[in-house]
Structures are given as structure tokens and as C-alpha cells.
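Convention: sequence-line order gives letters A, B, ...; per-chain numbering from 1. Since this is a predicted model, take the numbers as computed values, not measurements.
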There are 2 protein chains.
Amino acid sequence: MHKGDWNYIRNLNRRVILEEIVKNASLSRSELARITGLNKATISTQVNDLLEQGLVIETRTEALDTPGRKPIIIEMNENAGFTVGIDIDELSTNIIFCDLKGRRLHQKQLHLDTYHFESMLDELIQQLQTEIGVFQNGSSIPPLAGIGVGIHGIVNNDSQIVYTPKQQWVDLDVKTRLEQAFDAPVHVDNSANLSVYAEHVYAKHGSDLFCLTLYSGIGLGMVKDSVIYRGYQGFAGEIGHMIIEPDGKPCPCGNHGCWELYASNKAFFKLLHESGDEFHTQEQVSKHLETTDAEQEIAEYIFYLSIGVNNVINIFNPERIIINSPLFASMPELLDRVEASLQSKFNNYDELKISGLNEDACALGAAALAFKKFLGVHHVDHSASFPSSQ
Amino acid sequence: MHKGDWNYIRNLNRRVILEEIVKNASLSRSELARITGLNKATISTQVNDLLEQGLVIETRTEALDTPGRKPIIIEMNENAGFTVGIDIDELSTNIIFCDLKGRRLHQKQLHLDTYHFESMLDELIQQLQTEIGVFQNGSSIPPLAGIGVGIHGIVNNDSQIVYTPKQQWVDLDVKTRLEQAFDAPVHVDNSANLSVYAEHVYAKHGSDLFCLTLYSGIGLGMVKDSVIYRGYQGFAGEIGHMIIEPDGKPCPCGNHGCWELYASNKAFFKLLHESGDEFHTQEQVSKHLETTDAEQEIAEYIFYLSIGVNNVINIFNPERIIINSPLFASMPELLDRVEASLQSKFNNYDELKISGLNEDACALGAAALAFKKFLGVHHVDHSASFPSSQ
DNA sequence: TAATAGTTTGCATAGTAAACAAATTAATTA
DNA sequence: TAATTAATTTGTTTACTATGCAAACTATTA
């Protein structure tokens, strides 16, 4: 708990005002005063400061059919900066540029050899420099406001990579290297954390939000009161290694019967494989399922997935759970079967839904994190501007 | 996010100061200034306000062997109030009186017929009035500062009882009745939440704390940054119904293989019963185990308990987990066996320990909650005054 | 005398209320 | 129809206030 002096309260109110400007695409000073409860005079001084800093701009409105002076609209200055979100996965690296209104400006998929960390990093920096150069087109307007990086592994609370199961990275520092290369603040976090953060930022805000990412493993991201839950050392969310089958399949983690051996997307592929066919992409699987009945495999998969979802619900009583999974994206009807399996009396949640962000969630969340840090706000609400390519 | 004005900042600093006075049994104004970073003048005005309100008192110190003026010690005024914590369980109701320094003043065990809610409440109110009368001895000094109530069931965020599995209470209001009877604020919460809160308040503060209560069921209480995690509607922590054995034993909740069917204290009793002997109290069990080898039952119990503990660790990456269990209280050596079973690479926690508060945790937490609300602080640290009977 | 505790005084700051200025629509009047 | 007036809303200015801060001051004690 921090002491309060006039500097503290000034920053607090600045934050409150900025958060509203971010949330509501167009606001006048008097609307800000109404929404925040702050005095009109206070709003004026604070907004004028933000104008001087170039963070926001004034624009005119269309004529209104109400009497009285027309309001001057305050909005984010798009030329004040842009953010970059990077999702470094084993096989492909997803890069998304966003403007300060949260809109997706540019996107690129890189294919880096992630097994050699240093050369991957060199390659990433070089390619990113090219992309930024093209985007800024010679000038340096808008400037780079910050970079967010998602790692599929454990990242501690100081943006340091602790461990990644796929590449076996141990204690590596991507933050410092990128900060030196781009002279902008870099924030690194676990991909599940950034995915849920993206869902949080681009969806209507509730008190809490949980996001299950089902790919080669299972990740759980949790947002409570706009804060990502990271655990004591940033290790939270290793829910894939929740044991749901004692003496079950052996897991590289050292235990038996971990959830992700049964309910990850990879586990589903394996189930199909055991029944004969081999698949490597979701498209192949979807096509296969159109013509072939795989009721038994699907039933088994849903059975185990539902066990874990039941557990998450009983532990957290979440308002909303979002499932980010290629399988569910292509077969949304499976969701009903999961919901039907949640039979416990104590299962209490408000909404279970499928992600609309899918594979881009992590990179978008990374960009949103960079944005949040750049502005110094606590809450980012970009629900008004869904991050389409346009 | 609230706006900041002079009133906000004044309360903020008042809270910071009060929290330090609560935490450190004896502090002078100048020490407060050093600790909080606030100016000496600010401390003086704020402390003088607290003195006027009668919340704190000044006492003299012993002679120090340092030069300079002796400090005036500020401490909580014990005559400013006392709190009551009530743990309403199926068979017995535990009542603890605490002073404003967190010390246990008085304790009483009541045996109420909890199956008839209304008559239980009448009886409770009457007995409590007697207890308070005896304690205050005719006068009304110290006054009753607040009452906390722990319920073994689901309590929503408005202190309303939603459901208790044992007594089958549904949608009942204990708060209003007690507030009318005692003219003091009443706060109701789930017993696992209050138990972890007690551990938090009476232990050295860390960033987070998790407490597993193993009695007839299993409860999980979570404290993060001094805030009890309650979930969306206050239903969080129903971890006893986490499924750890698919198609396992049937549970009244509607599912199969819930954790508490395998790892609650009751489940251990059942295991022993299945092997021949029947026990009803922990003393009987402890005595039995002194003479009889029950290696097989213990091994099975530890096996299932460890699965759930593994899951908690992987989901939360907690700093500390506390086990509150009659079995572990009488056989602390079992803890090593649990720790030995946590084999996952990802198991990351700092400390797994056995509760020192045991059956009193809930009532102490209830009293601490009442204290917190009474003072209007966010953090309560009573680690200096372990709540012994003296 | 030196050191430490605590108070007093005057100042700086940022928010507030209220008055004011500006801009715009709607109604009224010439 | 055109000009005037009223009403309404936005945003700024001004005087004021509460509170924290720094520094000077008083009090107390080895």
C-alpha cells in the first residue's frame, strides 16, 4: 500500500481519464466529467496536459440536434505510437502491429528455427526491423510505443524466460536484447496469460475471465479485476499438469495422468491416430470428420475435457470461461456437449464460450500489454474496436 | 477505479498508518513517519485524529539507552472495542472473542441443533448475549466492534447463505438477524475463506497463501495480496468436488470421483472403517494408529491427497500452502510423505506446512474479518500476537 | 552539547464550486 | 423572412480549500 500525496492523486485521476478515453472511442470533456465524477475544471487541466504530451487529440463533431454548444471530441492520437505483439511458438512466430486504439494495423507470420535461441533472436530482430521500416515508411511517425512477447513456457515476474518444454529453453533473456535493438520497452509473459488478456481487452469487461488454450498442451490464463494472475513466481496456470487420471498415461513432467495427455488438441490428434489415421493440421482433421464418424474418439475427448473444465469451475467459480482451441473453432457444436457434461450441483459459472481470437490471441494480448504499460493505465478496454485486419 | 480527491488521499494515509499501528505492537510517531514515508507533520495530524476518535492511545516507554527525547508510543486502544468470531458447524459452534490487538480474550463452544435454522439462531443470539454480558461485566466498555460468522457452505458476496450441504440450508440470512440483535456490523463468509484469512492474519505476510481444510469435506481458501478470493458469486473454493478419479466413487454433487471422497478426513475414517474398525473422533484414530499398523490405508490416503495438492500447486504456483487437518495435526510426520509425492517438474511452491490454528482457524478468521471491516483497513497483520488463550 | 521526538508555520498543489464565456438550437417577434 | 431573445450545453477562469511537505522550532534526554 502506497502513501498518498498530491502526485499520487494526480496520476490516479490521469489514469482514470485515460482509461475512459481508451474505452469510449469519442468523448467530450463534459462527458468525461460526468463519467468520472471529477470536476469539469479538473478534466480540463488534465486533458490539456494530455494534449500537450500529444497522447490525445481534439476533433470536431457532426452537428447534433440538441441545443447548446457542440462538444469538442477527445480521442487517442494515433500518431503518438504503435505497439507490436509477438507470439514466439515452436514452429511459427506471429507478429501483430496495433495502433493506440487497439486496431490491428499489420500482421506477419515468421518461420524461425526456435531451437537455436540466439540465431532465432537475431533473425527475429532483423525481420522485425524490416517490418517496422516498411510500416513507418521512412519517417519515425508513429513511434514504437512498446513490444509485448508471448512465450510458450514459464516466464517469471521479471520478464525472464525460466523454462520452455518444447525448445528446452532455460533461463533466457529476450527482454534486454529486444530493448537494446528497438529502444522501446519490452514485456514478456506466458502465452496463456497473454491470450486471456487479449480476450479480456477485446471483450466486454466482467469481474473475472478464464481462458483455456488447447493446442499441443493446455494452458489456463486468469484475469481478475483486470489483473493477470501470475502466481508466486509466475508459474501459475500449469493446469495441463493437473492429474485427472491416477496411474494414467506417463507424462514428461514426472507424474501420471496429467490432463493435457487427454484433453489437449494434440491428445485428440493422437486419439484419432490410434484409431488408424494420422493428421498434422486442424484442416485435415476437420475434413476427415466431415466424412468419417469418430463418435467414440470425440466422446472420449469430451469426457476428459469436461472433467478438467468441471474442476476449473469448482475451484474458481468463474464468471466466464473461454475455450481457445482449433478443434472447437472448427466444430463449435462440441461446446454443447461439454456443457451437458458439467453435472455437478456446484458447477457455477455464467458463460462458457469459444474464443473469437484463436491463434492471434497471444500476439494481440502481447500488444495490449505493451499498450497498457505505455499509457500507464490499469485497465484496457478495447471492446469497441474488434481487432479485425481492417 | 475511483477518482482521487483530498478525502480519498486522507483516508488512504489514515489506512496506511493504522495498518502499521496494528502490525507493530508499539510505534512512535517518528517511526511511523520513517516506515510509511509520510511527513512527520502528516503523521502528527493523522495520529491526533485517531487519538481523538479513541482508536489509539499514547503510552510511555521504558528508558532507552540512546540520547534524545523518548518517543511516545502509539498503540491500539483495547477499550475501543472487541470482535466476535463465530464458526457455525453442524455439531458445534465455536465462539471466540478477540481484542483490537488480535489477542484471544474468551472462547466458548456451543452445541446447537443446527438443523432448525430459526431455533438455532434464537439460541445462538441468546447464548451470545449472555457471553457478551459476562465479558463486559455490566458496563459496555469495550463496545462490540463487529461480528464475523463462518458458514460451512456457500455464502455469496452479500453475506447471504446460499447453500450448506450438511444442514441443507438454502438462501438464509444470518447477517440481518444478528445485526438487529447486537447492533453491530456482521460479516458472513465461507469457513474455508475465513480459515485461510486467519492463517494470513496470524502468520508472516507473503504475497499469497492457500489453505486446505480437510475435515468432513475439503475446502480451499485463497488469499492474494491480503484479499480473499471469492469467485464470481462467492462460490470459489469448492475444490472438494474436483474430479481426480474418472468414473470413481459417486458423489452427492452428481459427479463421480470427487477429491473429497478420497482425501478428506472423513474419507480416511471410512478407509479405516472398511478395514474393520470404526472411529468417530480423531483421538480414537490417533490411539488406534499408535498400536496398529495401517500402512496400506495411509498410503492410499496420501496418494490421493497428494494428487489434489499437486493440482493446486500446478494451477496456482502458491507461495505457501497450509494444511488444516486433524489427522495432520496429530501426525505431522505425514507431511513429508505428501511432499515426497509431489514429483512433477512444474511443482513450484515455497512452503507446505501444517496449520497451527486447527479447529479455531475459522472463528479467528471471522473475528479478524470483523476487525478489518471495523478499522476500514485493507491489510491486517497480527503475526506479532499469536492468538493463544492468554 | 548532541541527538532524537514531536509541533508549528508557511507554502505548494491539485481538486472544487461557482461564475463566466462561448457556441449552438429553438422560440418569439418585427 | 430575418432579427432577436431565451435556453441549453460546453468549456474556462477565478477564488477557495484541504492536505501533504519542508523547514524551523520546541521539548526531552543521555
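As a whole-Å value, the separation of A:Ile17 CD1 from D:dG11 P is 13 Å. Following rounding to the nearest Å, A:Asn7 (CG) and D:dT19 (P) show an atom-to-atom distance of 18 Å. Rounded to an integer number of Å, the gap from CD1 of B:Ile73 to P of C:dT4 is 16 Å.
Comparing A:Gly68 and B:Asp5 by the nucleotide of DNA chain C that holds the closest heavy atom to each, the one mapping nearer the 5' end is B:Asp5. In terms of position on DNA chain C, the residue among A:Gly37 and B:Ile72 whose nearest nucleotide sits closer to the 5' end is B:Ile72. Checking A:Glu58 against A:Gly4, the closest nucleotide of DNA chain D that is more toward the 5' end is the one next to A:Glu58.
A donor N or O paired with an acceptor N or O is found under 3.5 Å between the base of D:dT19 and the side-chain atoms of A:Trp6.
With sequence neighbours excluded, the residues forming a ring pair (Phe, Tyr, Trp, His ring centres under 6.0 Å) with A:Phe316 are A:Phe210, B:Phe316, listed by chain and number. Under the side-chain contact (heavy atoms from CB on, under 4.5 Å) criterion, B:Arg230 pairs with B:Asn157, B:Asp189, B:Asn193, B:Ile228, not counting sequence neighbours. By the ring pair (Phe, Tyr, Trp, His ring centres under 6.0 Å) test, A:Phe371 pairs with A:His382, sequence neighbours left out. Residues satisfying the side-chain contact (heavy atoms from CB on, under 4.5 Å) test with A:Ala367, not counting sequence neighbours, are A:Thr83, A:Cys98. Under the ring pair (Phe, Tyr, Trp, His ring centres under 6.0 Å) criterion, A:Phe82 pairs with A:Phe97, A:Phe135, not counting sequence neighbours. Looking at residues two or more places apart in sequence or on another chain, you find a salt bridge (charged side-chain N to carboxylate O under 4.0 Å, His left out) between A:Arg29 and A:Glu58.
Side-chain N/O atoms of B:Asn13 include one lying less than 4.0 angstrom from OP1 or OP2 on D:dG20.
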Legend entry - Reading 5' to 3' through nucleotides 17-22 of chain C, protein heavy-atom contacts under 4.0 Å coded B for base, S for sugar-phosphate only, - for none: B----B
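Closest to the B:Arg10 side chain, of the nucleotides D:dA30, C:dT16, D:dT19, is D:dT19.
Geometrically, A:Lys224 engages B:Tyr229 in a cation-pi contact defined by less than 6.0 Å to the ring centre and at most 45° from the axis.
Contacts between residues 25-36 of chain A and DNA chain C, defined by a heavy-atom separation below 4.0 Å, involve no residue at all.
Residue pairs meeting the salt bridge (charged side-chain N to carboxylate O under 4.0 Å, His left out) criterion with at least one member in residues 34-56 of chain A, sequence neighbours excluded, are A:Arg10-A:Asp49.
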Inset, instruction - Could you walk me through whether B:Ile17 and B:Thr42 pass side chain to side chain contact (heavy atoms under 4.5 Å, CB included), step by step? - result: CA-CA 10 Å; B:Ile17 292 168; B:Thr42 308; 5.6 Å; no
